[in-house]
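Working notes for the structure below.
Computed from a prediction, not measured in an experiment: that's the story for all the values here.
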Amino acid sequence: MLDPELQLSSSTLAALQEFLGEEKERREHFEALAADAERRQQSGIAVDISKFQENWQLSQFWFNDNTARTVCDELLEGADENTTIAIISAPSVYCYLKKRESLPTNNIYLLEFDDRFRVIGGDKFIRYDYNQPLDVPTELKNKVDRVLVDPPFLNPDCQTKASITARFLLKSDHSAVSKHNVLQYRTMVCTGERMTDLVAKLYPDTHMTKFHPEHTNGLSNEYRCYTSYESPRLESPKV
């Protein structure tokens, strides 16, 4: 029996039980989702990012819905069925994107270290470790029109290696336009403001926008969005 002085208060015990209940529900939901995907060999399943618990050891911090929606709008604007998009280390954006009723292209890849997201991406999921920046399918080399990069760690090593991956994927020809007469090429980088000088070196054709990406659980680090193109949406103080 616990020492009376170490007994949990009723309110603390209730909060603990609620947390454990939510964890159990989230785990059961994910297990059912994974089993269903494996049984039917299903891909492209839509699921809320909240079903995936953040792993702080992997530096996982999910974007809130407003940020995810804004980034998705930017990635898809003017795209057509020939547009190829790669989302690097931003599964919350990919999950939000997959909830849309229709997409202009099916060529949208998620490069992510966390294997749980395979049930969302299906054959478009690529397990990605930034420590091996070129360990990605060679068939995607210079085949990607648009890329979103959200390096998990705010240090030069991670940022630099993620940029190597982006350059490996992106097409060398940046002049192509979609059927909607919109430039296919777009680079977006979402990362901490303290990485600004390094981003300028790694992605010399990008600039800092006025858009501030935000996370569901908040972060002490100020986040910014850098793009290779102009966007009225991202230059507005209120997105």
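- Every residue two or more places apart in sequence or in another chain that forms a side chain to side chain contact (heavy atoms under 4.5 Å, CB included) with Asn155 is listed here: Phe153, Asp157, Cys158.
- Between the side chains of Ser89 and Tyr130, no donor-acceptor pair of N or O atoms lies under 3.5 Å.
- In this view, Asp73 and Arg100 satisfy the salt bridge (charged side-chain N to carboxylate O under 4.0 Å, His left out) rule, not counting sequence neighbours.
- Smallest separation of non-hydrogen atoms from Pro213 and Cys225: CD-N, 3.9 Å.
- The CZ atom of Arg186 sits 13.5 Å away from the CG atom of Leu170 when rounded to the nearest 0.5 Å.
- Atoms CD and CG, from Glu214 and Asn64 in turn, are 5.5 Å apart once rounded to the nearest 0.5 Å.
- The ring-ring contact (aromatic ring centres under 6.0 Å, His included) pairs that include a residue from residues 131-151 number zero, where partners must be two or more places apart or lie in different chains.
- Note that the NZ atom of Lys99 and the CZ atom of Arg69 stand 10.0 Å from one another [nearest 0.5 Å].
- In this structure, the side chains of Cys190 and Leu148 come closer than 4.5 Å at one or more pairs of heavy atoms.
- Residues passing the ring pair (Phe, Tyr, Trp, His ring centres under 6.0 Å) test with Tyr185, sequence neighbours excluded: His174.
- Results of the ring-ring contact (aromatic ring centres under 6.0 Å, His included) test with Trp62 over Tyr94, Phe117, Tyr96 single out Phe117 as the only residue that passes.
- Under the 4.5 Å side-chain heavy-atom criterion for ILVMFWY residues, a single connected hydrophobic cluster contains both Ile164 and Val149.
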- request: Check step by step if side chain to side chain contact (heavy atoms under 4.5 Å, CB included) holds for Tyr109 and Lys124.
  value: CA-CA 5 Å; Tyr109 295 86; Lys124 297 299 190 295; 3.4 Å; yes

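- Residues Val182 and Ile108 fall into different hydrophobic clusters, defined by Ile, Leu, Val, Met, Phe, Trp and Tyr side chains chained together at heavy-atom separations under 4.5 Å.
- Note that the CG atom of Asp145 and the CD1 atom of Ile85 stand 8.0 Å from one another [nearest 0.5 Å].
- Separation of atoms CG (Leu198) and CG (Leu154) is listed at 10.5 Å; rounding is to 0.5 Å.
- Leu110 is not listed as a side-chain neighbour of Ile120, based on a closest heavy-atom distance of 4.5 Å or more.
- One finds the CG atom of Leu140 at 8.0 Å from the OG1 atom of Thr84 (value rounded to the nearest 0.5 Å).
- A donor-acceptor distance shorter than 3.5 angstrom exists from the side chain of Asp80 to the backbone of Lys179, with no hydrogens or angles considered.
- For the pair Arg116 and Asp114, the salt-bridge criterion is met [side-chain N within less than 4.0 Å of a carboxylate O].
- For Arg194, there are no salt bridge (charged side-chain N to carboxylate O under 4.0 Å, His left out) partners, not counting sequence neighbours.
- Geometrically, Arg224 does not engage Phe211 in a cation-pi contact defined by less than 6.0 Å to the ring centre and at most 45° from the axis.
- With sequence neighbours left out, the side chain to side chain donor-acceptor pair (under 3.5 Å) criterion links Asn131 to Asp129.
- A pairwise comparison of heavy atoms in Ala162 and Tyr128 identifies CA-OH, 3.6 Å as the closest pair.
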- request: Show the numbers, then the answer: is there a side chain to side chain contact (heavy atoms under 4.5 Å, CB included) between Ile88 and Leu169?
  value: CA-CA 11 Å; Ile88 302 176; Leu169 295 172; 4.1 Å; yes

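- Surrounding CD of Glu139 are more than 12 heavy atoms belonging to other residues, nucleotides or ligands, all under 6.0 Å away.
- Under the side chain to side chain donor-acceptor pair (under 3.5 Å) criterion, Glu74 pairs with Tyr229, Ser231, Arg233, sequence neighbours left out.
- Distance alone, capped at 3.5 Å, is enough to place a donor-acceptor pair between the Thr105 side chain and the Thr83 backbone.
- Arg146 is linked by a side chain to side chain donor-acceptor pair (under 3.5 Å) to nothing, counting only residues two or more places apart in sequence or in another chain.
- Around NZ of Lys143, the count of heavy atoms belonging to other residues, nucleotides or ligands within 6.0 Å does not exceed 12.
- Remark: Leu183 engages Val177 in a side chain to side chain contact (heavy atoms under 4.5 Å, CB included) (not counting sequence neighbours).
- With sequence neighbours left out, Thr196 forms a side chain to side chain donor-acceptor pair (under 3.5 Å) with Tyr226.
- Remark: Lys141 pairs with no residue by the salt bridge (charged side-chain N to carboxylate O under 4.0 Å, His left out) rule, at least two apart or across chains.
- For the pair Thr70 and Phe63, the minimum side-chain heavy-atom distance is 4.5 Å or more.
- By the salt bridge (charged side-chain N to carboxylate O under 4.0 Å, His left out) test, Asp135 pairs with no residue at all, sequence neighbours left out.
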query: So His180 and Glu77, side chain to side chain contact (heavy atoms under 4.5 Å, CB included) or not? Walk me through it.
result: CA-CA 9 Å; His180 308 293; Glu77 185 177 31; over 6 Å; no

message: Val71 vs Ile87, test: side chain to side chain contact (heavy atoms under 4.5 Å, CB included). Steps then yes/no.
response: CA-CA 11 Å; Val71 174; Ile87 296 174; over 6 Å; no

